[in-house]
Structure formats: structure tokens, C-alpha cells
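One structure is given here, and the rest of the page talks about it.
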Protein chains: 2
Amino acid sequence: MAPPEPARRSCCPIACTLDLLGDRWTVLVIRDLFAGKRRYSEFVRSPESIATNILADRLAWLVDRGLVERAVPEGKRRAEYRLTDEGRSLEPVLGAVARWGLKHIEGTEARLAPASEPTAAPRS
Amino acid sequence: MAPPEPARRSCCPIACTLDLLGDRWTVLVIRDLFAGKRRYSEFVRSPESIATNILADRLAWLVDRGLVERAVPEGKRRAEYRLTDEGRSLEPVLGAVARWGLKHIEGTEARLAPASEPTAAPRS
DNA sequence: CCAAATCAGTTGCATATTGCAAGCAAAAAG
DNA sequence: CTTTTTGCTTGCAATATGCAACTGATTTGG
């Protein structure tokens, strides 16, 4: 899981960033982390329905790259995933993408509850 | 070529944007267009060495989506590709990605000559 | 304590996407 | 006219993705 380091295609910062997280799923996992999700089952339940093997692979990749940390909180047994500072530094990137999508793709709507607002439950 | 419209995974603006250009090559083609490249052979010569079938596919896809236009300039026979206004609106996204890469990935360096500066040739 | 449900994955296999090399006709260069 | 370059297409091998089933821990409920 998570290959050794696939050799970058060039020294272009855009190309290198894409090598890191330019596939169909990695950024969505990061989005969920920004939204406050912490546990495996929470990611699985996102509306895009990521396959569990892919999720496991991407989480391992991100932990490996230092963008995400996996930790078992004291008193509990199950691990949780969180963005590291490095991971959180991607906020402007996700922000720019989200803003572009909202403005230029019909039928999109924002849903990022920034992990601090308790959002008194209008479900579904 | 360029499939009918693969049905979006969700209404999330990030997911939808990724469906549009979230693969290993599309954004690099757009980067090249921002850098002032216009012809097929110019894209092929970029340091990442995109395969010609992929390039043809991505260009067709982008033209289809209205982000790029293909036009034969008067007096010439060969077509050129250019960003549409819609395509140019991606500038903040590319900018955010480039800035993140520059700051967080070792060994990356900017190379975007913004198509207006003649850059009196310090080669290589 | 015991049974059932949930969680956090892993495994195997079918399908889709990429990457590579070669080939080819039209256009431009000489 | 001949050669080179350009702008692709085609075929096939390698890789990545998607799906369903399965598993062994951990909770949950009684």
C-alpha cells in the first residue's frame, strides 16, 4: 500500500501537487477532513460512495505524506484521522476549487460545515 | 472521443470540479494554455511528456466543455487552441495550486511566463 | 456474559484508464 | 518534388479503479 514514491514528472509546482493529490478521490477525502469527519465509516458514508479499498489506500498515502495523522484518542480503541498543519495548509486550494465549482458548474451546492458549527440538525 | 457525460458523483462543487478536470493531465494542459502555448506540438514538448493520445483526448474534452476553443487563424491552415473566458476563470485555482506546490514541495520552481513578457532568453 | 450489529479494513476479480510505440495523411520546409 | 514536422489515430500492455464478498476486532443491547 502506498507506493515508494513514483518519481515526479517535472519540477513544476502544479505537476508535483497533482502527483500528490491529483486523482479522483484524494481531494475528496481531504474535503471530508476539513468538514470535520474523522472516522473511516464517516468517509465511506459521503455521498460520492468511495470504495473501501480506495479509501484505505488514500488514507495510508496521505498519512505517509504527512498531510494526515492517524491517532487513537485516549480511552478509545478506534483510531481517528485528522489533518496535520501541512494538510490544513491546503485550505486555499480547496477553497479556490469549491468557489470555482459553485460559480461555474450548474447544480452544485456548498455543504462544508466547518467543524465548529453544531448545525442543529435539519437532516438528509 | 470525450464521453457523453459520465454522471456526477454528487452535487459537491469540489467533486464536480474534480469530475471535470481532476485527473493527472487536464490541469497541466490548462497550465500550458495559461503559459501561452497554443499548438499541439507545444503541449507535447512540455517536460512532463504527455502521451499524444491522452493529449488529443483531453483537448477534445476541454473544447467540448467550453473551457478551450480550437480555431484556425486566418491565413493559416493549422488550428490553435486557446482558453475561453470560462477557461481563464480557472486562474485562481491554478494560482492556488501553484503557490501551494512552491511552498510545500521541495525542488519545485515556477516557470509560468504569462504570455506577455518576451523574456529575453536565458535558455534552459 | 452472550448475540447481533457495526467498524475498519483486506482480498479477488472485472472493468476502465493510462502509457507506449508505431503508423499515417496533411502541411510546411527545402 | 523530397524530406521533415505536425497533428493526430490505432493497438496493445500495464496500471488503476470499482465492486462485492469476506474477516476479525469492537461496540451495542439485552
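Every chain is numbered from 1 and lettered A, B, ... according to where its sequence line falls, protein lines coming before strand lines. What you see is a predicted model; the values in this text were computed from it and never measured. Basis for what follows: all heavy atoms, side chains included, without hydrogens, waters or symmetry-related copies.
Checked for salt-bridge contact, B:Glu48 and B:Arg31 meet the test: a charged N lies under 4.0 Å from a carboxylate O. The pair B:Glu80-B:Arg78 does not count as a salt bridge, with every side-chain nitrogen at least 4.0 angstrom from each carboxylate oxygen.
Between B:Arg24 and the phosphate of C:dT18, there is no side-chain N or O to OP1/OP2 separation shorter than 4.0 Å. Between B:Arg58 and C:dT17, a side-chain N or O to OP1/OP2 separation shorter than 4.0 Å is absent.
In terms of the side chain to side chain donor-acceptor pair (under 3.5 Å) criterion, residue partners of B:Arg9 (sequence neighbours excluded) are, by chain and number, B:Asp19. Legend: residues meeting salt bridge (charged side-chain N to carboxylate O under 4.0 Å, His left out) with A:Arg88, ordered by chain and number and at least two apart, are A:Asp85.
Atom CD1 in A:Ile54 sits roughly 15 Å away from atom P in C:dT11 (whole-Å rounding). Taking atom CG of residue B:Asp57 and atom C1' of nucleotide C:dT17, one finds them 10 Å apart after rounding to whole Å. One interatomic measurement links the two molecules: CG of A:Asp23 to C1' of D:dG18, which rounds to 14 Å at whole-angstrom precision. Straight-line distance from the NZ atom of B:Lys37 to the C1' atom of D:dG7: 16 Å, rounded to whole Å. In this structure, A:Leu18 atom CG and C:dT18 atom C1' are separated by 15 Å, rounded to whole Å. C:dC24 atom P lies 17 Å from atom OH of B:Tyr40, rounded to whole Å.
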Tabulate atom names and distances for all N/O pairs under 3.5 angstrom spanning the protein and nucleotides 26-28 of chain D.
none

Polar atoms only, N or O, under 3.5 Å: list the protein pairs with nucleotides 13-16 of chain C and their distances.
none

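Comparing the local axis fitted to the first five base pairs of the helix from C:dC1-D:dG30 to C:dG30-D:dC1 with the one fitted to its last five gives a bend of 30°, rounded to 10°.
Along DNA chain C, the nucleotide nearest A:Tyr81 and the nucleotide nearest B:Thr52 are compared for position; the residue whose nucleotide lies closer to the 5' end is A:Tyr81.
With hydrophobic clusters built from ILVMFWY side chains whose heavy atoms lie under 4.5 angstrom apart, A:Leu102 does not share a cluster with A:Val97.
To the nearest 0.5 Å, the span separating CG on A:Leu55 from CG on A:Leu28 amounts to 11.0 Å.
Closest contact between the side chain of A:Ala56 and the listed nucleotides C:dT10, C:dA8, C:dG19 involves C:dT10.
Non-hydrogen atoms lying under 4.0 Å from DNA chain C are contributed by A:Ser41, A:Arg45, all within residues 41-51 of chain A.
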